[in-house]
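I have placed the structure first, in the form of C-alpha cells, so that the comments after it can refer back to it.
So that the names make sense, note that chain A is the first sequence line, chain B the second, and so on, each numbered from 1. Keep in mind that what you see is a predicted model, and the values were worked out from it rather than measured.
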Amino acid sequence: METTYAHLEIEKKWQDFWEKNKTFRVMEDPSIPKDKRLYVLDMFPYPSSAGLHVGHPEGYTATDIYSRFKSMNGFHVLHPMGFDSFGLPAENYAIKTGTHPRISTEDNIGKFEVQIKKFGFCYDWDRQVSTHTPEYYKWTQWIFLKCWEKGLAYEAEVPINWCPSCLTGIANEEVVDGKCERCKTQVERRQLRQWCMKITAYADRLLKDLDKLDWSEALKLMQRNWIGRSEGANVTFKLAEGGGEIEVYTTRPDTLFGATYMVLAPEHPLVAKITTPDCRAEVDKYVNQARYKSDLERTDLAKVKTGVFTGAYAINPVNDVKIPVWISDYILISYGTGAIMAVPGHDERDFEFAKKFGLDIIQVVSKDGTFHELSEAYVENGVAVNSGQFDGLSTPDFKKKITDWLEKRGQGKKAINYKLRDWVFSRQRYWGEPIPIVHCDKCGHVAVPYDQLPLTLPEVESYKPTGTGESPLASITDWINTTCPKCGGKAKRETNTMPQWAGSCWYYLRYLDPKNGRELAARDKIDYWMPVNLYVGGAEHAVLHLLYARFWHKVLYDIGVVNTDEPFMRLVNQGMLLGEDNQKMSKSLGNVINPDDIIREHGADTMRIYEMFMGPLEASKPWSSRSIVGVRRLLERLVKISDKPATKEKPPEELVKLCHKTIKKVTNDTETLNFNTAIAQMMIYSNELAKEEQRYPELWEPLILLMTPYAPHLAEELWERAGKEPSVAKQKWPAYDDALTQDATVQFVFQVNGKVRDKLELPVGLSRDEVKEKAMASEKIQKWISGKEIRQVIVVPDKLINIVVKG
RNA sequence: GCGAGAGUGGUGAAAUUUGGCAGACACGCUAGACUUAGGAUCUAGUGCCGUAAGGCGUAAGGGUUCAAGUCCCUUCUCUCGCACCA
C-alpha cells in the first residue's frame, strides 16, 4: 500500500493555523518567574535581492528547535525576527535603476518574510522590526545623541580607509586583507572629516567582561586579539640639541640599553621641528610619499623597510648615549605615541631596518647570560646583559625595576595600549540613518532636539555618491540649510549617514517593545527579558557586529537604559554550509542551493531536519542533495506508522524501553544543541515502530512530541490524526522513567591481552569473580589462555574483562 | 610568520565530556523479494586483507597504560583568524 506524505498541503495548513491562532505570540506575564523566561535570538538578515540563502535557515532552524523544545518544557520563550534593512546594496541598485532604496528594500523584506515563514519558525511576527523605518531609526539616532552627549561620538579629521568603489569611508573592521569587505576593492587612505565613536574608552571593559560570557574560546580570543591590549612603558628621550623630547611606547623597557636609534612615524608632529636643514629635502620627500600610501602598501606590500635620517639625535635616558632619530612608515602614528626606540638586537623589525641602514646592533638579553653572535633578533625573554647595574635580571623582573627607576626620575611611566581604534562611524552615502547634528557657525555642533527625532531621510534626485567625501544629501539645499536649535541662526545639517552596523547594535532591545513611541523599549520589558540567553549566528561578525553591539550595550547600561552590562550571555556560531563540491556557495561556481526548491520538492520539515542532521551545528559541512532523501524517508515512515491501526494491547517491553531511552537521548541532545544525534535516535525508534503491524498509542504519541520541534508541521498533522487537539506545540514534553532506560543484561566483552576474543550476554551487576568465572568458562577464551601464566585480570563492571597472560 | 581549531569507511558523520567492543544513524553500493515499470517499498549484506582461522585499521611516527580515535611528545596536511600594533 502506498502512503502519501503531502508535504505542501500539510505545511500550508498548519502555517495558516498558527498565523490565524497567533500560536507563537508571546506576552510578558509577570507570574512567570525570571528563570523560566528565555530570550532566544537569531542574527537578523540583510534583505538582499538574491533572497534567502540555505545558510540562513541553518541557524534559524537551530534556534527554532531549541525555542520550541524549551517552550514545551515549561519555559516562556521570546523568539523574534526582523530585518537589517539599511545598507549599500539597495543604494547601489537605486543608482543603477533609479528605484528608491525604500521601495526595493521593502519589496525584498516582503520576499524574505514569505520565504522565512515557509520554514514554519515559531517567531512572534508581531514583534518584527526593520532598521530602516523612521519609527526604528528614531531610537538609533537617540542613542547616537546620548553617545555624543557623553563625548563618545566626536568629529575629527582623520586618515581613514576609503573604498574607491563604494565611494565611502569604512571602519577598520570592514577592511579585510587591505580590501573592502563588501566589494573587495583595495582601500585607499584619505584624510576626511569623520564622525567617530570612542569605542577605545570601553576597550578595557570589552576585554574584561569577555570572561563572563559563554561564548566559544575561539571567538573570545578573536575579540581579545582585536582589542589587543599590551602593557609596557612610555619612556622620554631628550633631544641632543634644542631642548625638545620624544616620548616612545615600548613593551620591552628592559631592552632600553640596546636602543641604538629611534624612529618616528612620518606623520609625527616632531618631524618638521627636529629635521636638520641638510636632511630636510629627503625627509619632506619621504613624508609626502607615506601620506598617500594605504595601510596595505605600508605593511604587506612593503616587505623591504624604508626610512630616512632626520639629522637629529636623542639621548638614551639610561646611559646617556647619543642615538640617531630616523623616520619610517613602519611606525604608525595611530598606535602608542607614534614613535619608538629601536632595539635591533631584540626586535625583528628593528633588526631588519638596522641591517639595511648599517645601524648598531647591541645584545642586551641572553638566553643563558652569555653572549652569542646575533644572526637574527632574539625576541624571547632571558637574562639581562650589557645593561649596567641591571645585568643578570630576568626579563620580567627587569621590566618592573626599570619602570620604577624611570618613574622615580620622571623619565617614564607604566603604560597600556590597545590595537583597537576608535570606530569610524560616518558613511558618505544616502541609505542610512542621518546623523542628527547641526553645524552652526556660532554654536558649533548642536544636537537635533530629542523631540524632533526622527530626523528623516529626505528624498533625493540622485543617489549617486559624489565621491568627494560628501554624501548625496549634500546636494539637497533645502534640507541642508536649517536653523540652529540653540541660537536660531543659520546652520547646516550633517550630511554623513551612519554605518549599517548602527541599526544592528541594538535591535534585540527593540523586539522587546517594538511599537513604543516614547522610549527605545520600556524598562520593565527590558527587565523582563534581558539578557539574551542564546544568540546564534555566523562567525563573520566576530569583531564587527558583536563588538559594536557590546559597546553600545555598555553605553546604554551606563546611562541606565538596560539592566545588564552584557547583551548576549551565550553565543553559538553555526558552521558554514558549503556547496556539493565542498566549496563556498557562490553564484559564479553555480553551486548555490535555493531553499525554495528544496521546500517545494521535499518540504520544510525535511529541509529543517536535514540541515540539522548533516553534522554538528558549529561545523561547516557540504550540502548533499542525495543524502536529504534519508530524512524524507524518516518523515514518510512516520506517516506510515500513523496509518497503522491503533491497538489497546500492551506494547512489547523492549519497545517500551526503547521509547524511554529515546526520550532521554532526544531530551539531552536537544538541550545541548546536538541535534544530529537526537535525530539519529528518533530514526532508530521510528524504524522499530514501523516494523510493528499495529500502532501503540502510548509509544506513538511520545514520538510525535519529540518530533514537534524538528518537524513542526508534520507533528501537528500526526497529532491531529491521532485524535488530539491542536496545537501540539503547546503540549508538554514527554518524560522518561530512568529505570526503564536501564537494560537488565549487557553484551559483556571478554579480552585477552587487550584483544576482544569473545562476547557474552550477561545480567548487569555481576561481581568481579562472577565475571571472571564466566570468562574462564568460555571455550574461545580458554583457547587463548591455556598453558599461559595469568598475570593480571581487569574487570570493568558491566562492560569488559581483560585477562593479561604471559607466554 | 603568529594564534586557534580540525584530520575517523566510497560519502556526511557517531564514539573524544569520564581512556574500556571504532564506524551508531544516514547516503551510496551489492544481492534478493514485490512489481508492467521505478530515483517507490521491503529483506539481507557492506572498514580493509583473507575461503577460513585470523590479521590489519581513526593523517604519519614515537610514548604512557592491562587497555589509546580519546592522554603526552614530534612531524605533516587542511580550515579559520591576525598580520610591521613597537
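- L635(A) places a side-chain heavy atom less than 4.5 Å from the side chain of I609(A).
- As rounded to whole Å, 21 Å separates atom P of G3(B) from atom CD of Q223(A).
- Rounded to whole Å, the P atom of G39(B) lies 41 Å from the corresponding atom of G57(B).
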Summary of protein contacts for nucleotides 44-52 of chain B, nucleotide by nucleotide, where a base hit scores B, a sugar-phosphate-only hit scores S (4.0 Å, heavy atoms): ---------
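- Using C1' as the reference atom, C78(B) and C42(B) are 42 Å apart when rounded to the nearest Å.
- The separation between F351(A) atom CZ and A86(B) atom P is 20 Å, rounded to whole Å.
- Set against A26(B), A4(B), G54(B), the side chain of M683(A) has A26(B) as its closest nucleotide.
- In this structure, the side chains of V235(A) and P317(A) come closer than 4.5 Å at one or more pairs of heavy atoms.
- Rounded to a whole Å, the CD atom of E217(A) is 17 Å from the P atom of G3(B).
- The aromatic rings of F353(A) and Y330(A) are tilted relative to each other, their planes meeting at an angle between 30° and 60°.
- Counting to the nearest Å, the C1' atom of U43(B) and the NZ atom of K691(A) are 10 Å from each other.
- For R600(A) and D597(A), the salt-bridge test passes: some basic side-chain N is under 4.0 Å from an acidic carboxylate O.
- Rounded to whole angstrom, the span from the CZ atom of R757(A) across to the P atom of C66(B) amounts to 19 Å.
- Distances shown here put every side-chain N or O of R633(A) at or beyond 4.0 Å from the OP1 or OP2 atom of G39(B).
- For E636(A), the listed nucleotide lying nearest its side chain is U41(B); candidates were A86(B), A4(B), U41(B).
- Note on K355(A) versus E352(A): no salt bridge recorded, every NZ/NE/NH1/NH2 to OD/OE distance being 4.0 Å or above.
- Atoms CG (L420(A)) and P (A83(B)) sit 12 Å apart, rounded to a whole Å.
- Of the P atoms belonging to U58(B) and C71(B), the separation is 15 Å, rounded to the nearest Å.
- Nearest heavy-atom pair, P595(A) versus M607(A), reported as atom, atom and distance to 0.1 Å: CB-CE, 4.0 Å.
- K783(A) comes within 4.0 angstrom of sugar-phosphate atoms only, judged by non-hydrogen atoms across all strands, and of no base.
- When heavy atoms are screened at a 4.0 angstrom cut-off, S334(A) is found touching no nucleic acid atom at all.
- Here C82(B) is the nucleotide among C25(B), C82(B), G55(B) with the atom lying nearest to any side-chain atom of W226(A).
- Comparing the C1' positions of G55(B) and G50(B) gives an interatomic distance of 8 Å, to the nearest angstrom.
- For K755(A) and A22(B), the shortest distance from a side-chain N or O to OP1 or OP2 is not below 4.0 Å.
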Summarise how protein sits on nucleotides 6-21 of chain B as a single string, 5' to 3': B when a protein heavy atom is under 4.0 Å from the base, S for sugar-phosphate-only contact, - for no contact. ------BSS-----BB
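- Using a 4.0 Å heavy-atom criterion, one finds that S624(A) contacts no nucleic acid atom at all.
- In terms of position along RNA chain B, the nucleotide closest to V804(A) lies nearer the 5' end than the nucleotide closest to the other residue of the pair V804(A) and R252(A).
- A tilted orientation is assigned to the rings of F309(A) and W326(A), their planes being inclined by 30° to 60°.
- Classification of E636(A) and R633(A) as a salt-bridged pair fails, no side-chain N sitting under 4.0 Å from a carboxylate O.
- Rounded to whole Å, the distance from CH2 on W623(A) to P on A26(B) is 19 Å.
- Residue contacts shown for I340(A) include a base, since a base heavy atom lies under 4.0 Å away.
- In this entry the base of G19(B) is anti relative to its sugar, with a glycosidic angle more than 90° from 0.
- Closest non-hydrogen pair, P269(A) versus I333(A), comes out as CD-CD1, 4.5 Å.
- Nucleotides C27(B) and G20(B) are separated by 29 Å at their P atoms, to the nearest Å.
- G19(B) sits 12 Å from C66(B) when the C1' atoms are compared, rounded to a whole Å.
- Taking atom P in both C56(B) and A6(B), the straight-line distance is 29 Å, to the nearest Å.
- Checking G81(B), U41(B), A86(B) against every side-chain atom of M222(A), the shortest atom distance belongs to G81(B).
- When side chains are defined from C-beta on, S230(A) counts as touching Y335(A), because their heavy atoms get closer than 4.5 Å.
- Classification of E611(A) and K621(A) as a salt-bridged pair fails, no side-chain N sitting under 4.0 Å from a carboxylate O.
- When rounded to the nearest whole Å, the span between CH2 of W215(A) and P of A4(B) equals 20 Å.
- The nearest pair of heavy atoms linking L270(A) to E245(A) is CD1-O, 3.3 Å.
- Taking atom P in both G62(B) and C49(B), one finds a spacing of 24 Å when rounded to whole Å.
- Under a cut-off of 6.0 angstrom, the local environment of NZ in K644(A) is crowded, with over 12 non-hydrogen atoms contributed by other residues, nucleotides or ligands.
- Comparing A4(B), A86(B), C66(B) against the side chain of I331(A) picks out A86(B) as the nearest.
- Within a 6.0 Å sphere centred on NZ of K772(A), other residues, nucleotides and ligands contribute 12 heavy atoms or fewer.
- Within the model, atoms CD1 of I331(A) and CD1 of I340(A) stand 3.5 Å from one another, a figure rounded to the nearest 0.5 Å.
- Taking only side-chain nitrogens and oxygens, N687(A) comes nearer than 4.0 Å to OP1 or OP2 of A26(B).
- In this structure, of C27(B), A86(B), G54(B), it is G54(B) that holds the atom nearest to the side chain of W784(A).
- Paired runs in RNA chain B that reach 3 or more consecutive Watson-Crick or G-U pairs, where each pair keeps both distances under 3.5 Å, cover B:1-7 with B:76-82, B:10-12 with B:25-27, B:28-33 with B:41-46, B:47-49 with B:54-56, B:59-63 with B:71-75.
- Mapping V175(A) and G338(A) onto RNA chain B by nearest heavy atom places V175(A) at the nucleotide closer to the 5' end.
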